[in-house]
Amino acid sequence: MKRDDIAKTYDPKLVEDSIYKQWEESGFFNPDNLPGTRKKSFTISMPPPNATGILHIGHAVMLAIQDLVIRYQRMQGKKALWLPGTDHAAIATQSKVERLIKEKENKTKHDLGREKFLQRVEEYVEQSRNTIKNQVKKMGSSCDWSRERFTLDADLNKAVNEAFKQMYQDELIYRGHRIINWDPNLQTTVSDDEVEYIEEQSPFYYFKYGPFEIGTSRPETKFGDKYVVMHPDDKRYKDYEHGQKIDLEWINGPITATVIKDKAIDMEFGTGVMTITPWHDAVDFEIAERHNLDKEQIIDFAGKLLPIADEFSGMPIKEARPRIVEKLKAKGLLAKVDKNYRHNIATNTRGGSLIEPQIKEQWFVDVNKKIKKLGGQSIKEKALGVVKNDDIKILPERFEKIYFHWLENLRDWCISRQIWYGHQVPVWYKGDKVEVGDKPTGAGWKQDPDTLDTWFSSGLWTFSTLGWPEKTKDLKTFHPTQLMETGYDIIFFWVARMIIMSTYLVEEIPFETVYLHGLIRDERGRKMSKSLDNIIDPLDTIKDYGADATRLSLLIGSTPGNDMNMSEAKVASYRNFVNKLWNISRYILMKVERPVLVTKSPKPKTLADRWILSELDELTELATKNLEKNNFSLVGEKIYEFTWSKLADWYVEVSKSEDEKDDILLFVLQNLLKLWHPFCPYVTEVIWQKLNTDSLLMIEPWPKVKTKIDKQAIKDFNLIQEIVVAIRNLRTESKLPPSKRLKIVIVSPKHAKLIKSESDIIKNLARLEDLEVSASAKKPAESLSAMVLGAEIYLPVSGMMDIGKEVKRLEKEVSRISEFTLHLEEKLKNQRFLERAPKDIIAAEETKLKDNKAQLAILKKNLKSLK
RNA sequence: GGGCGGUUAGCUCAGUUGGUUAGAGCGCUUGCUCGACACGCAAGAGGUCACUGGUUCAAAUCCAGUAUCGCCCACCA
């Protein structure tokens with residue numbers, strides 16, 4: 001091949017889109033089209049990005065990891081399915097469209113009405129869904145677009161209705177009045193997991209409440225407080241009896257309070273006495289339930305005070321609070337104010353406004369009800385069980401504990417939302433009659449206006465996307481899936497719910513392994529945010545450095561469960577690497593007579609040949625083993641090292657002076673491309689196509705792992721490398737002109753033969769004009785000699801080595817190994833050890849002892865010669 | 001309040017079940033236009049592996065404690 005056929009630098013922009021098109025048109029993203037007989041399937045359900053979102057670095061890392069795995073499995077000959085989709089993200093999408101309509105037309109959703117509004121949302125989603133889809137493609141994602149799903153598809157709606165129906169029939173779903181998290185802004189409930197607590201400083205008031213003093217940060221809720229609660233063991237209040245009535249003056253006049261004794265009270269906090277507001281506080285609600293107390297609503301669902309507040313009725317909380325305090329102060333009921341009080345306030349993670357606990361009738365999933373189908377277990381117990389007995393493995397393992405803790409403390413799950421966009425609750429009413437499931441025949445049925453929590457439908461994702469509740473071929477072939485790869489931040493929202501839903505509805509685990517990646521932070525470890533202006537946009541890095549470099553920078557150096565810092569410099573360094581790989585290929589393609597595929601393992605002719613082939617074997621083995629164990633970063637690092645530090649730095653250099661290496665160069669390159677393909681698919685595919693083949697690298701079989709690896713070749717060549725480096729070093733330090741002849745005296749005759757036979761390589765790599773090698777037991781002469789001792793090389797040139805330091809090191813080593821040798825000898829004399837230990841262990845210890853003795857002898861000899 | 005994680009080179013991080021001289025990228029120093037590559041090549045400097053104690057022939061790695069940074073869960077009126 002001529003020089004001009006291949007550009008000097010690799011330009012990803014020129015090829016990425018057309019390569020993706022080629023892959024897509026090949027049809028091989030769809031496992032049904034893959035060649036050969038493939039028995040095993042491997043499925044990944046893609047965590048669906050929000051349909052209205054744009055690709056961010058979190059998506060990029062998830063796509064990079066999943067594409068890596070699915071490409072590897074495809075090359076391993078599996079029916080590899082990566083099923084993509086998008087999520088309707090109910091609350092986020094609805095509020096976004098609401099905002100847009102408000103801005104453009106100054107209308108609210110109520111002005112439009114439910115039907116018209118939903119139409120607008122759908123239009124918006126339709127247009128925006130393509131954006132994210134194209135961005136997913138930019139990363140090189142080899143997912144099966146023919147099976148793409150959207151969480152609101154008709155089929156998926158059917159699945160949701162069926163799931164709801166089954167759960168309702170098993171009495172897992174019930175409707176009831178419970179305290180829920182109400183967002184007065186968005187006018188909907190949110191689940192416990194969506195609530196985020198933010199620390200805030202606000203005044204803490206102490207009011208006189210009859211003979212007591214009560215503390216509160218929320219005076220506006222106190223109108224209806226007629227129960228005063230204290231701990232039964234609190235000696236300060238031992239004179240008050242449970243149920244005792246006390247008349248007292250309160251905000252809007254005299255009331256009668258009732259004393260309640262309850263252990264939920266923290267005696268240490270404040271005065272140890274509090275009044276309760278069961279309608280607007282979860283803990284108070286529980287106390288009220290326990291003692292069967294009255295509950296009264298104080299604040300309406302818009303966040304305004306109700307008529308019970310008398311003159312404050314209709315006032316928003318913010319406005320009312322200072323006035324109420326003012327009034328109490330005027331009545332002499334304000335005892336004191338703590339202005340430095342810090343406490344946590346509840347906010348909605350989807351929208352950010354304050355959460356007001358309210359009592360409301362909602363649909364719930366009972367997580368504790370024992371189910372016949374699950375062998376008398378509750379869905380919670382079942383979900384715990386499958387992870388406890390390792391049917392599902394969570395990586396990293398420490399998240400299993402977190403998962404258990406969350407499940408064990410899980411309360412009933414509120415699944416109804418008062419928003420319009422989403423799966424509508426499949427319950428139908430007509431007078432007193434209630435039907436669940438599909439719309440009943442006949443006129444006059446009205447559907448429940450609420451929609452379901454997004455995570456209810458997302459929980460079905462692994463199987464609803466494969467056709468459930470129909471018994472489809474896909475469901476049979478591809479479920480359970482093998483890998484669930486997602487961020488650790490949604491382990492509760494999503495992972496746990498998929499496990500619950502799947503084990504209950506399909507009676508299968510949804511996936512075998514959960515791989516949790518970390519958050520991507522900026523180079524200083526801060527979260528990426530608009531306000532810090534530290535966002536790294538994967539679309540930008542793809543544009544500037546290529547998709548391969550972007551992928552590599554996200555894959556290498558990231559370990560499961562740990563956050564990873566990302567910087568543009570890192571992407572740039574992998575762009576450099578991709579270019580290096582490109583140039584190695586460029587060199588090989590130019591050097592060989594005919595660039596073709598080499599199918600048979602070539603015969604090595606020289607030590608360097610044996611070495612590079614052995615290194616390749618070792619790399620293949622390591623890569624395969626560790627990809628199976630999901631150690632992606634380690635594998636990437638090792639292939640990187642092989643490519644740059646072994647192939648490019650050594651073998652390519654050797655090949656410049658040795659001929660007839662075409663088959664080996666091509667064979668190594670071709671296998672290296674295969675190993676790299678799951679990490680950086682574009683550049684590898686482009687190079688592959690220059691090997692005069694019509695085949696796609698994407699579906700090439702993964703390199704076979706050799707059972708026998710020539711370790712001697714590796715050892716021998718490493719010695720040659722050491723010698724070359726030592727000579728180069730010698731030359732740099734002593735600033736010798738290149739024409740100078742060098743004489744090398746090998747003191748240890750053990751390696752003399754090897755070095756002699758490889759002296760040409762040494763000469764070429766060290767850029768010597770001439771080199772003389774001789775084996776001798778004599779001490780080396782002055783300055784320009786080198787001596788080889790055992791496996792180590794010492795250059796007795798001034799400044800090269802600190803003899804004293806070296807002697808110390810060797811002495812330390814000698815004493816360490818002698819002690820170890822003694823220890824081993826004793827162990828091998830121990831009767832009990834000999835009787836009980838397995839034979840191979842004993843053998844291993846014996847070899848160890850032998851090795852140690854040999855090493856000790858060499859070390860002692862070295863030490864002597866240095867002295 | 002409960003739980004978890006980090007602390008390794010100037011910076012950002014690896015370190016695979018304890019085992020030669022603790023690694024990489026970026027940055028730094030010196031020298032290189034040799035036909036694959038300056039997005040490069042060669043050589044090099046730089047680390048008490050947070051601290052203290054313990055287990056072991058052997059500890060960055062295992063155990064206990066301390067310091068410090070961070071995360072998650074619960075939530076207090």
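Only a predicted model underlies this, so the values are computations on that prediction, with no experimental measurement involved. Letters A, B, ... mirror the listed sequences (proteins, then strands); counts begin at 1.
If you take atom P in U12(B) and the same atom in A64(B), they sit 29 Å apart, rounded to whole Å. Straight-line distance between the P atoms of G27(B) and G19(B): roughly 32 Å, to the nearest whole Å. Comparing the P positions of C71(B) and G18(B) gives a spacing of 32 Å, expressed to the nearest Å. Here, A38(B) and G47(B) have their C1' atoms 30 Å apart, quoted to the whole Å. The gap from the P atom of C13(B) to that of G70(B) amounts to 14 Å, rounded to the nearest Å. Look at the P atom in both A59(B) and A74(B): the space between them is 43 Å, to the nearest Å. One P atom belongs to C69(B), the other to C32(B), and the distance between them is 49 Å to the nearest Å. The C1' atoms of U48(B) and G44(B) are separated by 23 Å, rounded to the nearest whole Å.
Atom C1' of nucleotide G35(B) and atom CG of Asn583(A) are separated by 12 Å, given to the nearest angstrom.
Under the ring pair (Phe, Tyr, Trp, His ring centres under 6.0 Å) test applied with Trp676(A), the options Tyr574(A), Phe577(A), Trp582(A) reduce to a single match, Phe577(A).
Set against C76(B), C37(B), A77(B), the side chain of Phe204(A) has A77(B) as its closest nucleotide. Listed candidates were A36(B), U12(B), C41(B). Nearest to the side chain of Asp649(A) is C41(B). Taking the side chain of Tyr640(A) as heavy atoms from C-beta on, and the options G25(B), C76(B), A14(B), the nearest nucleotide is G25(B). In this structure, the nucleotide among G5(B), A77(B), U12(B) sitting nearest to the side chain of Met274(A) is A77(B).
Across all strands shown, Thr559(A) has heavy atoms under 4.0 Å from sugar-phosphate atoms exclusively, and none from any base. Residue Val652(A) is in base contact, counting any heavy-atom pair closer than 4.0 Å across all strands shown. Base engagement by Asp266(A) is indicated by at least one non-hydrogen atom pair under 4.0 Å involving a base atom. Counting any heavy atom pair closer than 4.0 Å across all strands shown, Asp489(A) reaches no nucleic acid atom. Within the 4.0 angstrom heavy-atom criterion, no nucleotide atom of any strand lies near Tyr10(A). Among the protein residues, Lys625(A) comes within range of no part of the nucleic acid, since none of its heavy atoms lies under 4.0 Å from any strand. Contact annotation for Tyr403(A): no contact, since no heavy-atom pair falls under 4.0 Å across all strands.
Taking 4.5 Å as the limit, some side-chain heavy atom of Lys263(A) sits within range of a side-chain heavy atom of His231(A). Within the 4.5 Å cutoff, the side chain of Arg321(A) has heavy atoms near those of the Ile317(A) side chain. Side-chain contact check for Met230(A) versus Arg236(A): every heavy-atom pair is 4.5 Å or farther apart.
Taking CD1 of Ile556(A) as the start and CG of Leu554(A) as the end, the distance is 10.5 Å to the nearest 0.5 Å.
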Original post:
When Watson-Crick pairs (N1 to N3 and N6-O4 or O6-N4) and G-U wobble pairs (N1-O2 and O6-N3) count only below 3.5 Å on both distances, what is the dot-bracket string of RNA chain B, with | for other-strand pairs?
Top reply: (((((((..((((.....[...)))).(((((.......))))).....(((((..]....))))))))))))....
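One finds no salt bridge joining Lys380(A) and Glu408(A) here, because no Lys/Arg side-chain nitrogen approaches an Asp/Glu carboxylate oxygen to under 4.0 Å. With respect to the salt-bridge test (charged N to carboxylate O, under 4.0 angstrom), the residues Glu621(A) and Lys638(A) do not qualify.
The ring pair (Phe, Tyr, Trp, His ring centres under 6.0 Å) search around Tyr651(A) returns none, not counting sequence neighbours. Looking at residues two or more places apart in sequence or on another chain, you find no ring pair (Phe, Tyr, Trp, His ring centres under 6.0 Å) involving Phe285(A).
The base of A36(B) sits within donor-acceptor range of the side chain of Glu653(A), with an N or O pair under 3.5 Å. Residue-to-nucleotide contacts include a donor-acceptor pair under 3.5 Å from the side chain of Lys580(A) to the base of C37(B). Below the 3.5 angstrom threshold, one finds no donor paired with an acceptor across the side chain of Lys222(A) and the base of A77(B).
Side chain of Thr277(A) to backbone of Lys222(A): no donor-acceptor contact under 3.5 angstrom is found. A donor-acceptor distance shorter than 3.5 angstrom exists from the side chain of Asn583(A) to the backbone of Asn579(A), with no hydrogens or angles considered. The closest donor-acceptor contact from the side chain of Thr271(A) to the backbone of Glu213(A) lies under 3.5 Å. With hydrogens and angles disregarded, a donor-acceptor distance shorter than 3.5 Å links the side chain of Arg551(A) to the backbone of Phe679(A). The backbone N or O of Tyr682(A) sits less than 3.5 Å from a side-chain atom of Asp548(A), completing a donor-acceptor pair.
Using the six-membered ring where Trp is involved, Trp250(A) and Phe207(A) have ring planes that are perpendicular, over 60° apart on the 30 and 60° scheme. Taking the six-membered ring for Trp and thresholds of 30 and 60 degrees, Phe492(A) and Trp406(A) have nearly parallel ring planes, at less than 30 degrees apart.
Judged by distance alone, the side chains of Thr550(A) and Thr541(A) do bring a donor and an acceptor atom under 3.5 Å apart.
Distances shown here put every side-chain N or O of Lys570(A) at or beyond 4.0 Å from the OP1 or OP2 atom of G25(B). Trp644(A) has a side-chain polar atom (N or O) that falls below the 4.0 Å cut-off from OP1 or OP2 of C41(B). Within the structure, a side-chain polar atom (N or O) of Lys656(A) is placed less than 4.0 Å from OP1 or OP2 of A36(B). Phosphate contact (OP1/OP2 of C76(B), side-chain N/O of His343(A), threshold under 4.0 Å): absent. A sub-4.0 Å separation between OP1 or OP2 of A36(B) and a side-chain N or O of Lys8(A) is absent.
Within residues 571-579 of chain A, the residues having any heavy atom under 4.0 Å from RNA chain B are, by residue number, Ser573(A), Arg575(A), Asn576(A), Asn579(A).
Summary of the strand contacts: Lys629(A) and Arg398(A) both lie near RNA chain B, and taking for each the nucleotide with the nearest heavy atom, the more 5' one is attributed to Arg398(A). Each of Ala282(A) and Ser633(A) lies near RNA chain B, and the nucleotide nearest Ser633(A) is the one positioned closer to the 5' end.
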Original post:
Which letter, B, S or -, goes with each nucleotide of nucleotides 68-74 of chain B from 5' to 3', with contact meaning a protein heavy atom under 4.0 Å?
Top reply: -----S-
What N/O pairs connect the protein and nucleotides 45-47 of chain B at under 3.5 Å? Give each pair on its own line.
none

